[in-house]
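Start at 1 with the first residue, then count along the sequence.
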Amino acid sequence: MQHLTPKEAYDFLQANPEAVFIDVRSEMEYMFVGHPRGSILIPWVDGPDWEINPLFVAHVRKASSVNRPVLLICRSGRRSADAGLALENAGIKDVYNVEHGFEGDLDETHHRNSHNGWRFDGLPWAQT
């Protein structure tokens with residue numbers, strides 16, 4: 001799995017329009033916090049039980065069809081890295097993780113969106 005900064009991920013998506021951009025956060029995060037434009041939601045972990053989605057790999061296979069690059073994003077880059085490892089273990093080869101995720105790392109006051117991440121970098125996003 002390759003790790004890309006948000007800006008590198010955006011450039012990668014522009015250069016590879018066949019890539020599938022998957023937001024692995026929960027449905028609530030995707031809807032209420034916002035999500036990168038062009039991403040699709042396939043939760044890695046979601047409520048009500050907050051367990052790993054047993055259909056995650058199958059849903060990604062369906063969304064990515066044949067040999068399309070898969071780019072994953074979450075809040076900070078940790079869940080998407082775990083999800084990417086699961087995809088690689090399932091035989092999916094062309095996997096990318098967005099470092100720092102959508103909201104970025106925590107700052108010294110435990111807030112996000114203050115020094116890195118998709119939104120911090122001013123990349124396109126939407127809120128439902």
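- Between the side chains of Asn97 and His3, at least one donor-acceptor pair of N or O atoms lies under 3.5 Å.
- The environment of CE in Met28 is sparse: at most 12 heavy-atom neighbours from other residues, nucleotides or ligands sit within 6.0 Å.
- Pairing each heavy atom of Tyr30 with each of Ser39, the nearest pair is OH-O, 3.0 Å.
- Under a 3.5 Å cut-off, the side chain of Gln127 and the backbone N or O of Phe32 do form a donor-acceptor pair.
- To the nearest 0.5 Å, atom CG of residue Leu71 and atom CZ of residue Phe21 are 5.0 Å apart.
- With a 4.5 Å cut-off between side-chain heavy atoms of Ile, Leu, Val, Met, Phe, Trp and Tyr, the cluster of Val95 takes in Met1, Val20, Ile22, Val24, Ile40, Ile42, Trp44, Val45, Trp50, Ile52, Phe56, Val57, Val60, Val70, Leu72, Leu85, Leu87, Ile92.
- Atom CG in Asn113 sits 5.5 Å away from atom CD in Glu103 (nearest 0.5 Å).
- The minimum heavy-atom distance linking Glu8 with Thr5 is given by the pair OE1-N, 2.9 Å.
- Residues Val98 and Ser80 are not in side-chain contact: their nearest non-hydrogen atoms beyond the backbone lie 4.5 Å or more apart.
- Taking 4.5 Å as the limit, every side-chain heavy atom of Arg75 sits out of range of all side-chain heavy atoms of Val33.
- In this structure, the side chain of Trp118 engages the main chain of Pro124 through a donor-acceptor pair within 3.5 Å.
- Ion pairing between a basic and an acidic side chain is recognised when a charged N comes within 4.0 Å of a carboxylate O; Arg78 and Glu99 show no such pairing.
- Here the CD-CZ distance, from Glu29 to Phe102, works out to 10.0 Å after rounding to the nearest 0.5 Å.
- The shortest side-chain heavy-atom distance between Leu41 and Glu27 falls under the 4.5 Å cut-off.
- Partners of Phe120 under the side-chain contact (heavy atoms from CB on, under 4.5 Å) rule, at least two apart in sequence or in another chain, do not exist in this structure.
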**Message:** Show, in sequence, the C-alpha distance, side-chain angles and deciding distance for Glu88 and Lys93, and conclude whether the side-chain contact (heavy atoms from CB on, under 4.5 Å) test is met.
**Reply:** CA-CA 6 Å; Glu88 288 184 327; Lys93 303 286 186 225; over 6 Å; no

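- Under the 3.5 Å distance criterion, the side-chain polar atoms of Asp49 are left unmatched by any main-chain donor or acceptor of Glu51.
- Rounding to the nearest 0.5 Å places CD of Glu18 at 8.5 Å from CG of Asp94.
- Partners of Phe12 by ring pair (Phe, Tyr, Trp, His ring centres under 6.0 Å), not counting sequence neighbours, listed by chain and number: Tyr96.
- If you run side chain to side chain donor-acceptor pair (under 3.5 Å) between Asp105 and each of His115, His100, Arg112, only His100 comes through.
- What you find for Asn53 and Pro43 is that their closest heavy atoms are ND2-O, 3.0 Å.
- A donor-acceptor distance shorter than 3.5 angstrom exists from the side chain of Asp107 to the backbone of Thr109, with no hydrogens or angles considered.
- Distance check, rounded to the nearest 0.5 Å: SG of Cys74 to CG of Asp82 gives 8.5 Å.
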